[in-house]
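Both counts, for ligands and for their atoms, begin at 1 and track the order of listing.
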Amino acid sequence: MEFKRNILITGGAGFIGSHVVRLFVTKYPDYRIVNLDKLTYAGNLANLKDVEDKPNYEFVKADICDFDEVKNIISRYDIDGIIHLAAESHVDRSIRDPFTFARTNVMGTLSLLQAAKQEWEASASGYEGKRFYHISTDEVYGALQFDGSFFTETTKYDPHSPYSASKAGSDHFVRAFHDTYGMPTLVTNCSNNYGPYQFPEKLIPLFINNIRHNKPLPVYGKGENVRDWLYVVDHARAIDIIFHKGKTAETYNIGGFNEWKNIDLIKVIIKTVDRLLGRPEGASEHLITYVTDRAGHDLRYAIDSTKLKNELGWEPSLQFEEGIEKTVRWYLDNQAWLDQVTSGAYQSYYDKMYGGR
Ligand code: NAD
Ligand code: TYD
């Protein structure tokens, strides 16, 4: 079958990537969607069960750092668009193992850029009709004070964690490929995502699972840090709009205008899980356990996504109350998924981090 477009999505077996793959495979039956993923501890093909048999979907197990293999894949599938999500994504892991983050996030992105450059420059149409879209994070901007300010597209980069430093490095390489070689790239920086299929080492799924199993909830420091939360399906919608309508070489910030202090968010999660499990209100609050703060813990993130709204008409579709209710329900209804992804590698990591709590 001849496809209108051939799009490579990297990291499609991960949390956000699986929502992007699902959206593109179902919304664009005339596009071939190739999901390239190494299937690290964070990648799980169970995230894509509902689309794996679709005729316009292909999965390829590969490492973005494997330059020759990536080049082969771009050539084999005649790829004209790349949506790059593959990354190491957890700040706590980056503090313990920064090399893996530099390797995957910086060197892996460079390998993908160079492979696309060589294939596209050698193709008859060159860069015409091509697009390299890099998914990044608001964490590259550093940390805000409690002063009502926001990160905008022109905020200076000031990463503090090995994770955000490695994402900043990858963002710079993407922009350098545009400025140096004329590659049609663009970058978006998004706030914290939540929703189904997030690996349960991140705050929201970890805490839902722990509340269900009456395990302690390790709150870093005083729980006063602030994050701006966006429902993952809204991020995937933004990626769709920006991939199709965003201007080459531009940066767009994506966020929910939805700031929560960790401890307040945790109380909402506890309330929701207790209610859905039929426990008395506040029954699980005793699980809150204040632990040593994360090293270099960024105080506050908040994204100003006005540019995206004004230029491309994107806005979050879901109110937070609705999103968190859907999310808690999903994790409570999908214990089998949690058991699958928390077996093996994850369990030993969790034991190491939290002494098996
Ligand atoms: P995730 O950790 O859930 O998934 C990452 C995926 O990348 C996994 O499927 C993993 O197997 C794959 N991967 C890792 N190393 C690879 C390699 N070397 N080669 C091929 N595949 C590899 O991450 P996520 O939360 O879905 O984040 C996706 C992207 O979005 C990342 O680039 C992240 O920096 C960015 N981002 C995440 C958030 C968030 O809140 N989760 C917010 C903003 C931006
Ligand atoms: P996380 O989900 O790791 O995302 P990020 O660090 O990329 O923002 O953490 C969200 C917030 O929750 C962050 O301020 C750290 C805090 N946190 C805890 O207090 N306890 C935990 O066990 C985890 C995983 C995070």
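- Within the listing of ligand 2, atoms 24 (C) sit less than 4.0 angstrom from a heavy atom of Glu201.
- Ion pairing between Glu119 and Lys71 holds under the 4.0 Å rule for side-chain N and carboxylate O.
- Using a 4.0 Å cut-off to heavy atoms of Glu139, the atoms of ligand 2 that qualify are 5 (P), 7 (O), 8 (O).
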Are any protein N/O atoms closer than 3.5 Å to the N/O atoms of ligand 1? If there are, list each pair with names and the distance to one decimal place.
{"unit_1": "ligand 1", "atom_1": "2 (O)", "unit_2": "Ser89", "atom_2": "OG", "d": "2.7"}
{"unit_1": "ligand 1", "atom_1": "3 (O)", "unit_2": "Phe15", "atom_2": "N", "d": "3.0"}
{"unit_1": "ligand 1", "atom_1": "9 (O)", "unit_2": "Gly14", "atom_2": "N", "d": "2.9"}
{"unit_1": "ligand 1", "atom_1": "9 (O)", "unit_2": "Asp37", "atom_2": "OD1", "d": "3.2"}
{"unit_1": "ligand 1", "atom_1": "9 (O)", "unit_2": "Asp37", "atom_2": "OD2", "d": "2.6"}
{"unit_1": "ligand 1", "atom_1": "11 (O)", "unit_2": "Asp37", "atom_2": "OD1", "d": "2.5"}
{"unit_1": "ligand 1", "atom_1": "11 (O)", "unit_2": "Leu39", "atom_2": "N", "d": "3.4"}
{"unit_1": "ligand 1", "atom_1": "11 (O)", "unit_2": "Thr40", "atom_2": "N", "d": "3.0"}
{"unit_1": "ligand 1", "atom_1": "11 (O)", "unit_2": "Thr40", "atom_2": "OG1", "d": "3.1"}
{"unit_1": "ligand 1", "atom_1": "18 (N)", "unit_2": "Asp63", "atom_2": "OD1", "d": "2.9"}
{"unit_1": "ligand 1", "atom_1": "19 (N)", "unit_2": "Ile64", "atom_2": "N", "d": "3.0"}
{"unit_1": "ligand 1", "atom_1": "21 (N)", "unit_2": "Lys38", "atom_2": "N", "d": "3.0"}
{"unit_1": "ligand 1", "atom_1": "23 (O)", "unit_2": "Ser89", "atom_2": "OG", "d": "3.3"}
{"unit_1": "ligand 1", "atom_1": "26 (O)", "unit_2": "Phe15", "atom_2": "N", "d": "3.3"}
{"unit_1": "ligand 1", "atom_1": "26 (O)", "unit_2": "Ile16", "atom_2": "N", "d": "2.7"}
{"unit_1": "ligand 1", "atom_1": "32 (O)", "unit_2": "Leu85", "atom_2": "O", "d": "3.0"}
{"unit_1": "ligand 1", "atom_1": "32 (O)", "unit_2": "Lys167", "atom_2": "NZ", "d": "2.6"}
{"unit_1": "ligand 1", "atom_1": "34 (O)", "unit_2": "Tyr163", "atom_2": "OH", "d": "2.7"}
{"unit_1": "ligand 1", "atom_1": "34 (O)", "unit_2": "Lys167", "atom_2": "NZ", "d": "3.1"}
{"unit_1": "ligand 1", "atom_1": "40 (O)", "unit_2": "Asn193", "atom_2": "N", "d": "2.8"}

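- Near Val91, the atoms of ligand 2 lying under 4.0 angstrom from a non-hydrogen atom of the residue are 6 (O), 7 (O).
- Residue Val219 has at least one heavy-atom neighbour below 4.0 Å for each of these atoms of ligand 2: 19 (O).
- Near His297, meaning under 4.0 Å from one of its heavy atoms, ligand 2 places the atoms 13 (C), 14 (O), 15 (C).
- Remark: ligand 2 atoms within the under-4.0 Å shell around heavy atoms of His90 are 3 (O).
- Under a 3.5 Å cut-off, the side chain of Arg131 and the backbone N or O of Ile83 do not form any donor-acceptor pair.
- Side chain of Asn6 to main chain of Asp80: no donor-acceptor pair is present (N/O by atom type, distance under 3.5 Å, no hydrogens or angles).
- Between the choices Tyr301, Tyr220, Trp229, the shortest heavy-atom distance to atom 25 (C) of ligand 2 belongs to Tyr220.
- Counting heavy atoms closer than 4.0 Å to ligand 2, residue Asp298 contributes nothing at all.
- Salt bridge annotation for Asp240-Lys27: present, with a cationic side-chain nitrogen under 4.0 angstrom from a carboxylate oxygen.
- Here the CG-CD distance, from Leu287 to Glu285, works out to 9.5 Å after rounding to the nearest 0.5 Å.
- A salt bridge links Arg93 and Glu201; the closest N-O separation between the charged side-chain nitrogens and carboxylate oxygens is under 4.0 Å.
- Taking every heavy atom of Leu206 and a limit of under 4.0 angstrom, the matching atoms of ligand 2 come to 22 (O).
- Under a 4.0 Å heavy-atom criterion, Phe207 is in contact with ligand 2.
- With salt bridges taken as basic N to acidic carboxylate O contacts below 4.0 Å, one links Glu325 and Arg275.
- Which parts of ligand 2 touch Pro218 is read off a 4.0 Å heavy-atom cut-off, strictly below it: atoms 18 (C), 19 (O), 20 (N), 21 (C), 22 (O).
- Side chain of Asp63 to backbone of Lys38: no donor-acceptor contact under 3.5 angstrom is found.
- The two residues Asp234 and Trp314 come nearest to each other via the heavy atoms O-NE1, 3.1 Å.
- For ligand 2, one of its N or O atoms has an N or O atom of Asn262 under 3.5 Å away.
- Not one N or O of Lys202 is nearer than 3.5 Å to an N or O of ligand 2, by distance alone.
- Enclosure of atom NZ in Lys271 is not indicated, since only 12 or fewer non-hydrogen atoms of other residues, nucleotides or ligands lie within 6.0 angstrom.
- Distance alone, capped at 3.5 Å, places no donor-acceptor pair between the Thr248 side chain and the Thr185 backbone.
- An N or O contact shorter than 3.5 Å is missing between Asp92 and ligand 2 by distance.
- Proximity of the aromatic rings of Phe15 and Phe199 is defined here by a centroid distance below 6.0 angstrom, and this criterion is not met.
- Residues passing the side-chain contact (heavy atoms from CB on, under 4.5 Å) test with Asp53: none are found, sequence neighbours excluded.
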